[in-house]
Amino acid sequence: MHKSKQPSLAQLRAFAAVAEHLHFRDAAAAIGMSQPALSGAVSALEDALGVQLLERTTRRVLLSPAGERLAVRTRAVLDAVAELLEEAEAAQAPFTGVLRLGVIPTVAPYLLPTVLRLVHERYPRLDLQVHEEQTSSLLDGLAAGRLDLLLLAVPLGVPGVTELPLFEEDFVLVVPEGHELGGRTGIRREALAELKLLLLDEGHCLRDQALDVCREAGRTDAPVTTTAAGLATLVQLVAGGLGVTLLPGTAVAIETGRGDRLRTGSFAAPAPSRRIALAMRAGAARQGEFEELAAALREAVRPLPVRVLDADG
């Protein structure tokens, strides 16, 4: 085979048409080519491959033995090219194919119902795959291409990651029944300096945020030794009288609804709060799609106890 000459798609299409119709005029009409151009394309393909494909007689066209074999290959190549073009067309269509969404554990149970409903109703052709992991693992997955988009607390301050702000939510103080701060509003942050505060395990960003709030309240020690892997456990510990905790606003109804031995209290403005955003790789190919999803999510979370942010935060 002449390595310097590559067959063109046009040549392959011409040969496939001749192999199908075994007639130059019919083949030319079938693919919208002139007969001389078709004949020239097949001759050029024979030259490129170094193989005689056709036996030309005055009355009809026959495939040579090599032509018989290569006609099958040619059809397979053209089918594969058609599939490639279909795949590219599908990739252009927004909100189709797989979207691998990473979510932190202190957001997943409270926001996923809203996210899943939105995707189901508005983007039915999107194959959403959800991965619940802590922030550091999510960021590793985003950088490695294992995940496409993250839903988590920000700011991350990570180069190469673009944040699409969604909302802010206040922290609520959760205390056992009979606690003096139960049912109170306008609680000053300084009160946290005196309380036995229960926190999530290391690695949860909510733990770091709670520690920040404690530092702002003038507390310098790590609050307590008891920690939990999830908010549901934290709330059970509070109900059992082991201390108090901070819950993000979106978690309060679900977590305090599990038992009747809990009360909540709200902080004076500005209350300690956290910001939730979508995060993507900077310059992601699907950036426009992700920005549209963020806009749709901002509308979808309006019924929740949050302050919706605009695209600029």
Would you list the atom pairs, donor with acceptor, under 3.5 Å between side chains in residues 235-242 and any protein atom, with sequence neighbours excluded?
none

Any side-chain heavy atom of L166 sitting closer than 4.5 Å to one from V306? no

Taking 4.0 angstrom as the limit, do R261 and E177 come out as a salt bridge? no

Are L156 and L309 linked, directly or through intermediate hydrophobic residues, by side-chain heavy-atom contacts shorter than 4.5 Å (ILVMFWY only)? no

Write down the atom of C214, the atom of L197, and the distance for their closest heavy-atom approach. SG-CD2, 3.3 Å

Shortest non-hydrogen contact from L147 toward R281: O-NH1, 3.0 Å

The salt bridge (charged side-chain N to carboxylate O under 4.0 Å, His left out) partners of D140 (sequence neighbours excluded) come to none

Hey, are R146 and E133 close enough for a salt bridge, meaning a charged N less than 4.0 Å from a carboxylate O? yes

Look at the side-chain heavy atoms of Ile, Leu, Val, Met, Phe, Trp and Tyr, link any pair under 4.5 Å apart, and say whether V107 and V154 land in one connected group. yes

Side-chain touch L297/L111, heavy atoms, less than 4.5 angstrom: no

At their closest point, which heavy atom of L99 faces which heavy atom of F290, and how far apart are they? CD1-CE2, 3.6 Å

Can you tell if the side chain of E255 reaches within under 4.5 Å of the side chain of P248, non-hydrogen atoms only? no

Which atom of A210 lies closest to which atom of L246, heavy atoms considered: CB-CD1, 4.2 Å

Using a 4.5 Å cut-off on heavy atoms from C-beta on, say whether the side chain of I254 contacts that of P109. no

Is there a side-chain contact between L231 and L206 (heavy atoms, below 4.5 Å)? yes

Can you confirm whether more than 12 heavy atoms, excluding those of H120, are under 6.0 Å from its NE2 atom? no

Residues passing the salt bridge (charged side-chain N to carboxylate O under 4.0 Å, His left out) test with R189, sequence neighbours excluded, are E216

Using only heavy-atom distances, determine whether the side chains of R56 and S39 contain a donor-acceptor pair under 3.5 Å. no

Checking the side chain of E121 only, and the main-chain atoms of Y123 only, is there a donor and an acceptor separated by less than 3.5 Å? no

Nearest heavy atoms of A282 and T162, plus distance in Å: CA-OG1, 3.3 Å

Return the OG1 to CG distance between T245 and L247, rounded to the nearest 0.5 Å. 6.0 Å

Which residue, V115, D148, V119, forms the side-chain contact (heavy atoms from CB on, under 4.5 Å) with L101? V115

Closest heavy-atom pair, A217 versus L192, reported as atoms and distance to 0.1 Å, is CB-CB, 4.1 Å

Would you say the side chain of F15 lies within less than 4.5 Å of the side chain of L78, judging by non-hydrogen atoms? no

